[in-house]
There are 2 protein chains.
Amino acid sequence: MKDVAARAGVGLKTVSRVVNGEAGVTPDTERRVQEAIEALGFRRNDSARVLRKGRTASIGLVLEDLADPFYGPLSRAVEEVARAHGALLINGSSAEDPEREQELALALCARRVDGLIVIPAGTDHRYLEPEMRAGIATVFVDRPAGRIDADAVLSDSFGGARAGAAHLIAHGHRRIGFIGDQPRIHTAVERLRGYRAAMEDAGLVVDDAWVSLGSTEPARVREATAAMLGGPNPVTAILAGNNRVTVTAVRELAARERPVAFVGFDDIELADLLGITVIAQDAAALGRTAAERLFRRLDGFDDDASRTVLETVLIPRGSGELPPAP
Amino acid sequence: MKDVAARAGVGLKTVSRVVNGEAGVTPDTERRVQEAIEALGFRRNDSARVLRKGRTASIGLVLEDLADPFYGPLSRAVEEVARAHGALLINGSSAEDPEREQELALALCARRVDGLIVIPAGTDHRYLEPEMRAGIATVFVDRPAGRIDADAVLSDSFGGARAGAAHLIAHGHRRIGFIGDQPRIHTAVERLRGYRAAMEDAGLVVDDAWVSLGSTEPARVREATAAMLGGPNPVTAILAGNNRVTVTAVRELAARERPVAFVGFDDIELADLLGITVIAQDAAALGRTAAERLFRRLDGFDDDASRTVLETVLIPRGSGELPPAP
DNA sequence: CTGAAAGCGCTAACAC
DNA sequence: GTGTTAGCGCTTTCAG
């Protein structure tokens, strides 16, 4: 910038004015500055700008895995809102590892992102308190924060799972299995609660062998499926606790001869063609809502932390309407 | 940092040394500094650090749409490599708009990312020349750069499409349709070339009505499908030019009574259960390879721009092996 | 082993 | 309209 000023024969501040489109520069001067900029291939260094202005015009998003089809649309929705506010998005995948989540979140804070959106892997977010006090707005999505008070935007996991299980019960099932994510994860627990609530509503007693929480690794899900279907008291229907479980369970059930009713949590591509009944949540709406809340905070809005819960929708497509196999 | 120094009763530089784990500080002094850091909730401001050091330890990725299941895994793979090199990843979606691609790429350069990975939407990247001269390493993925010389990591679109079309021909088809992406996009053109090459190899003449390039919007793809199947010289098989087209085409074909053979480009989740034959490319390998090349450049490696082409794999699952309907 | 001073590239606040 | 000065928070250089 100094070089540009020298070459254009003007002061530093004039160049700054031109670069930032501020008023108060004669067209002639402006032209000279523009020429110098072109000639030198000058591009403003935003790092320096940030240092001076205090705002980075960027926000951070910590999620579990960008490669998961649930998080892609969520991230994209966040990006769109950020873009509308002139901000860039830095994302990081925690790989469902609490330590990595913390490391990432703090790295983003060190970069002085203006705000942070977190899909937590861990259950204790007190490490973010100093950062939040220091002014980094933080919103949690998909799962609430642990041990701190912070905004959260969630799907109605409890209600969705309850509706899914109730749907299977309405179609005649009495022995229903639930395969969910790790019990450390809030949504997994909520969905299990929803399943239990529906069973209880119908006066059904849940056999321990029908419930399996754990990793979403295909091998684990396959085992869980086999166990539920093969035991002394086999289930006639299965409710899956998230999109990864759904995919593996669907594959597993397709390989069996006896039909098993099935409801998945999260819609997945081509589930329509396969006739898979699902409880759909709107990943993009989650991201959008969280980002909007974040930017409202960045715009100075400052009331208490709030929790927003988005509805889920049960989409019947066939698999959830199968009667119990004899 | 100044505050920390004051509180610990030491010089600024000593705090800096402690924060950065540099040698040359007595354990006792270090402890005092650490205490002050804790007490004040100090966190180094990386913006200032960047300004001084010149490197941001971040790279930018401009892609088409993070919500597209093809780009999620690609982005995640880039992130993993970046992480291994201690860098963060800033992504942006161009929405297949060349102007937005440029705007994004330049915004990333203004942030002084150390390197840039671009999945181009546009066909002219001369706007990046000043940036590259200024030292921002740049690698193109999935599609090559236009009008500049730069590293590129691509899939073998030509070979993949050719193999796909040849596969259909080998199963008895003579009238084969091709539905691809916009002709502005390199991969769309390459895949069309591959299709034409296979047809020519087999001595088949392509009817203009069998080829349709354009947007991947479902409506457009549906129309293209209907036109190919409904015309005076209807096709008995269709080759899709990318994953979005594949999804819509599969839905469309499933809704018809007469079977139509089908090969998709890009594997999609659950395609196995639907028996969809595809030409698979490895999105994660594309991302990983590109990121590795980028970091090699950042490490000072400096030979000519190179082009890497990754193989595609044809996965037969049934739809591509159907004989021509009578 | 430690600290003071200079300056990275920019913008805010005030001159002129 | 335009230029000058100070300083954002850190690291580098060099002196103690």
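Throughout, a chain's letter reflects where its sequence line sits, starting with A, and its residues are numbered from 1.
For C:dG9, the base has no donor-acceptor partner in the side chain of B:Arg112 [N/O atoms by modelled type, under 3.5 angstrom].
Rounded to an integer number of Å, the gap from CZ of B:Arg111 to P of C:dC10 is 14 Å. For A:Leu51 and D:dT11, the CG to C1' distance is 12 Å, given to the nearest whole Å. At whole-Å resolution of the value, NZ in A:Lys2 and P in D:dT4 are 14 Å apart. Rounded to whole Å, the distance from CE on B:Met1 to C1' on D:dG7 is 17 Å. For the pair A:Asp46 CG and C:dC10 C1', the computed distance is 10 Å after rounding to whole Å. B:Arg52 has its CZ atom 9 Å from the P atom of C:dG9, to the nearest Å.
At the phosphate of C:dA12, OP1 or OP2 sits under 4.0 Å from a side-chain N or O atom of A:Lys53. Phosphate proximity of C:dG3 to B:Thr14: present, with a side-chain N or O under 4.0 Å from OP1 or OP2. One finds no side-chain N or O of B:Asn45 lying less than 4.0 angstrom from the OP1 or OP2 phosphate oxygen of D:dC8. In terms of phosphate contacts, A:Thr26 brings a side-chain nitrogen or oxygen within less than 4.0 Å of OP1 or OP2 of D:dT2.
Within the 4.0 angstrom heavy-atom criterion, no nucleotide atom of any strand lies near B:Val19. If you check every strand for non-hydrogen atoms under 4.0 Å, A:Arg17 touches a base. B:Val10 comes within 4.0 angstrom of sugar-phosphate atoms only, judged by non-hydrogen atoms across all strands, and of no base.
Between B:Ala48 and B:Gly9, it is B:Gly9 whose nearest contact on DNA chain C lies nearer the 5' terminus. Comparing B:Glu22 and B:Ser47 along DNA chain D, the residue whose closest nucleotide (by nearest heavy atom) sits nearer the 5' end is B:Ser47. Taking the nucleotide of DNA chain D with the nearest heavy atom to each of A:Gly24 and A:Lys13, the more 5' of the two is matched to A:Gly24.
Under 4.0 Å is where a charged nitrogen must lie from a carboxylate oxygen, and between B:Glu35 and B:Arg31 at least one such pair does. Salt-bridge formation is detected for the pair B:Lys13/B:Glu22: a Lys NZ or Arg NE/NH1/NH2 atom is positioned less than 4.0 Å from an Asp or Glu carboxylate oxygen. The pair B:Arg83-B:Glu79 fails the salt-bridge criterion, with no side-chain N (NZ, NE, NH1 or NH2) lying under 4.0 Å from an Asp/Glu carboxylate O. A salt bridge does not link B:Arg133 to B:Glu129: none of the charged nitrogens lies less than 4.0 Å from a carboxylate oxygen.
Between C:dT11, D:dC10, D:dG3, one nucleotide has an atom nearer to the side chain of A:Ser16 than all others, and that is C:dT11. The nucleotide whose nearest atom lies closest to any side-chain atom of B:Phe42 is, among C:dC10, C:dC8, D:dC10, D:dC10. With distances taken from any side-chain atom of A:Leu12 to the nucleotides C:dT2, C:dT11, D:dT11, the minimum falls on C:dT11.
Ring geometry, B:His125 versus B:Phe140: the interplanar angle exceeds 60°, so the pair is classed perpendicular (tilted spans 30 to 60°).
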